[in-house]
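These notes are about the structure you will find just below.
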Amino acid sequence: MSFTAPHIGFVLASYGLSALVLVGLTLAIVWQARSTMTRLKDLEGRAAKRRKPAKQVKPQ
Amino acid sequence: MSMFWSLIRRDIVLTLRQGGGAGMALGFFITVLVLLPLGIGPDLKFLQRLAPGALWITLLLSVLLSTDRIFAPDYEDGSLELMTMGPMPLELVALAKSVAHWLGTGLPLAILAPGLGVLLNLDALLFGPILLAMVLGSLALSLLACLGAAITVGLRRGGMIISLLILPLYVPVLIFGVSATNAITGVPELFGPSMLILTAISLASLVLAPIAAAAAIRAHMA
Amino acid sequence: MTMQLSAKNLVCRRGGRTVFSGLSFTVGQGEGLLLEGPNGTGKTSLLRILAGFGALETGSLELDGADDELTIGQRAHYLGHQNALKLALSVEENLSFWADFMGQPATANTIEERLDAFNLGHLMSYSAGLLSAGQKRRLALSRLELVSRPIWLLDEPSVGLDAASCKLLAAAMMRHMEAGGLLIASTHLDLGLTFTKKLNMGDVAERAP
Amino acid sequence: MQAYANPTRFNALALTILPWCVGSTVLLFLVGLYYSLVVAPQDYQQGETVRIMFIHVPAAWMAMATYTVMALASAVAIIWRHPLADVAAKTAAPIGACFTFLALVTGSLWGKPMWGTWWVWDARLTSVFVLFLLYLGYIAIWQAIEEPAKAARLAAIVALVGFVNIPIIKYSVDWWNSLHQPASVFRMDGPAIHSSILIPLLIMALAYTMLFLTLHLIAMRTEIMRRRIHNMEQAEVQG
């Protein structure tokens, strides 16, 4: 691919933009996966803590 | 079948009494027709070329304007729930609602369109075709509008979403409606096929839209 | 052939929460089931599920003794907190629409009789928008007898009614049961009506896992 | 806990094939880009700008393919009420919308040197634009409804209605296009597909497909977790 050809700017622009959008999409999805995972771990942790303590008398 | 007509009669009476649907849509229709020349310029020749497309787009938007009032009032006061408990299947309820909306909004505009077309210097030859095309096309517009209303009934920003959901579905009606309208002055032999396809779209919507609308209402009821 | 509605260990879950479970009851002709219990124990959910809104998680719900295959909802009146009235229409127009829509067209004087049962007869031609909340509630109640349906599902029907109107409501419910109708109602007020069966949703929920 | 049985099985399955997907996606992109940018010859007519086709056409294909996936998943969700089906449809939409957006932008960038304007109402570009609106409508429905179960059923209806209308819209736009422009001077995918063009095109198409699969799996796992969180929070609040 010669970089001096006419309209080469358009080729670079379209590849660049495609890369930008696809990488951005990938990062967004991975980041969402991470943050949801931590939220779930934190919730499961708290739920486990709640079940662990000894059974109190059932409040009337 | 008197159940079917009772719903249509009630909706028409409500539209007339509250002066909502028909009046608002007509007002909007005329306003847009006045704004167009102000925006585009008074050149009659140019406006004439523009007229069929502009009239159809204005019809589309006018029908869309009154869409979210199709089911919303019944949903809010509990009538919609009661209608799902009637002996009549929900599909026919949706069909009756669509026909009522068509008779209240779409049809009057379709009949008045040629007259109002004069504002855009509509070619006299086109009065007949545009009347016929709009009468047929507006039925499909109301059926699809009713589908959009059923999907978004009770939603907070329902009105906004309706246009996003329904306008893409209006594309075929617009294309064949406009081509049927100006076929006479353009390519005359196109008039027949465009009109037939437009009618086909309306008939297909007559069957499919109420089915989807009923499914949407059931989803809302659960 | 007597009609009977029988439910066996119904379970209803909404958004991950068990609304009620292990619920069983039967309501025969001429019988009335009173749903008791604090708020949030699923009285409204049960009535709405019987009317056809929303689905059960598990459990069976049968209506035996019914000939054609109408759903329970199509055989029932459901009265929730809304009155399903169009304020732009007159009192008579509201009722005549629902009579036509439900497939039992009514003449003007049948409508007037039903309105008299809730002493609204004199308001026939007035617009529903002029009515007070109590009058609107009574207008909705008069629909129950205008369109005859074997099953009544009433969710706190006496809300917004004064003492006199409550008596009219109790009388209507009595007439319905005597005519062999089934009645399932939830209410906090003592309507002066003896229900043949009672179901306390409170302790049902307690037993639920 | 029946509702979560198969999603947990799905999670396990997804975890096993995910590394393979990521690996093949990266590999395919490397090979594809090499072929597209280096190996493929210049076009005698368009010169270098023909290379834009290698990312425009796959994006347009994926835009259509994703909507088809959404429609199929929605059909399964409505007919068999399978909990995973609407998770699949919901998570595919944003990815599909990105592909559609890319198809539009690269189409415009490709058209500029050819037709001298950024946007030409070419039949294909117009249909892709309407498809983009269908995507936005579908995503908007999910956001407008709080209760997941109701949102799922309504979104499924919107996807199916949209899917039924795509061929009608496509046909009417093509017909409309031929009405006003007898024959568009420049055909998007060139007169004949020469192998030197076909190979990079197919590799890139495969790369895009694998990228979709990878992202879709990750997004579905996230959605399943998000629903579990939603239910746990609700259970906690209502006690």
Side-chain angles (χ1 to χ4, degrees), chain B residues 1-24 66 69-97 99-101 104 150 153-154 214-222, chain C residues 12-15 44-45 47-56 68-90 92-106 127-129 136-137 139-140 143-144 146-147 149 151-153 155:
Chain B
M1 278 325 277
S2 70
M3 304 181 243
F4 184 77
W5 298 112
S6 71
L7 183 54
I8 293 180
R9 214 171 342 126
R10 184 202 73 157
D11 268 16
I12 299 288
V13 164
L14 279 175
T15 326
L16 295 179
R17 275 214 192 136
Q18 285 155 340
M24 195 172 61
S66 55
R69 297 314 300 165
I70 294 178
F71 282 114
D74 289 329
Y75 179 81
E76 280 141 19
D77 63 30
S79 307
L80 194 56
E81 265 181 7
L82 223 50
M83 287 180 196
T84 61
M85 296 173 68
M88 193 160 71
L90 209 47
E91 285 75 9
L92 284 181
V93 171
L95 185 58
K97 279 284 182 180
V99 169
H101 179 262
V153 71
I217 295 172
R218 275 192 206 94
H220 275 290
M221 287 294 136
Chain C
C12 166
R13 284 167 63 84
R14 178 138 310 168
T44 302
S45 305
L47 288 168
R48 283 183 67 82
I49 286 171
L50 288 172
F53 308 132
L56 283 168
D68 47 31
E69 63 316 313
L70 285 176
T71 65
I72 295 177
Q74 282 165 330
R75 245 189 268 279
H77 273 304
Y78 168 70
L79 191 80
H81 305 304
Q82 293 169 319
N83 295 325
L85 297 176
K86 287 297 169 192
L87 306 185
L89 298 179
S90 76
E92 184 194 354
E93 282 167 341
N94 266 295
L95 286 185
S96 74
F97 163 69
W98 282 118
D100 291 346
F101 183 81
M102 293 296 178
Q104 297 176 23
S127 141
K136 283 182 186 142
R137 193 60 179 170
L139 178 52
R143 196 176 60 235
L144 298 178
L146 178 67
V147 177
R149 285 195 159 189
I151 304 171
W152 283 13
L153 307 168
D155 192 359

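First the proteins, then the strands, lettered A, B, ... as listed; each starts at 1. Note that these values count all heavy atoms, side chains included, but never hydrogens, waters or copies made by symmetry.
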Exercise. Do L146(C) and W98(C) pass the side-chain contact (heavy atoms from CB on, under 4.5 Å) test, and can you show the C-alpha distance, the side-chain angles, and the key distance before you say yes or no?
Worked result: CA-CA 9 Å; L146(C) 178 67; W98(C) 282 118; 5.7 Å; no

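- By the 4.0 Å N-to-carboxylate-O rule, D100(C) lies too far from R10(B) to be salt-bridged with it.
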Exercise. Do V93(B) and L7(B) pass the side-chain contact (heavy atoms from CB on, under 4.5 Å) test, and can you show the C-alpha distance, the side-chain angles, and the key distance before you say yes or no?
Worked result: CA-CA 8 Å; V93(B) 171; L7(B) 183 54; 3.8 Å; yes

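- In terms of heavy-atom pairs under 4.5 Å with chain B, the best-connected choice from L70(C), L85(C), N83(C) is L85(C).
- Annotation: maximal heavy-atom pairing with chain C below 4.5 Å, among M221(B), M85(B), M3(B), occurs at M85(B).
- Neither the backbone nor the side chain of H81(C) comes within contact range of chain B; no heavy atom of the residue lies under 4.5 Å from a heavy atom of that chain.
- Ring pair F101(C)/F97(C): centre-to-centre distance below 6.0 Å.
- For chain B, no part of R75(C) is nearby; none of its heavy atoms comes within less than 4.5 Å.
- For chain C, the nearby part of E76(B) is the backbone; its heavy atoms alone come within less than 4.5 Å.
- The existence of a salt bridge linking E93(C) and K86(C) is excluded, since no basic side-chain nitrogen approaches an acidic carboxylate oxygen closer than 4.0 Å.
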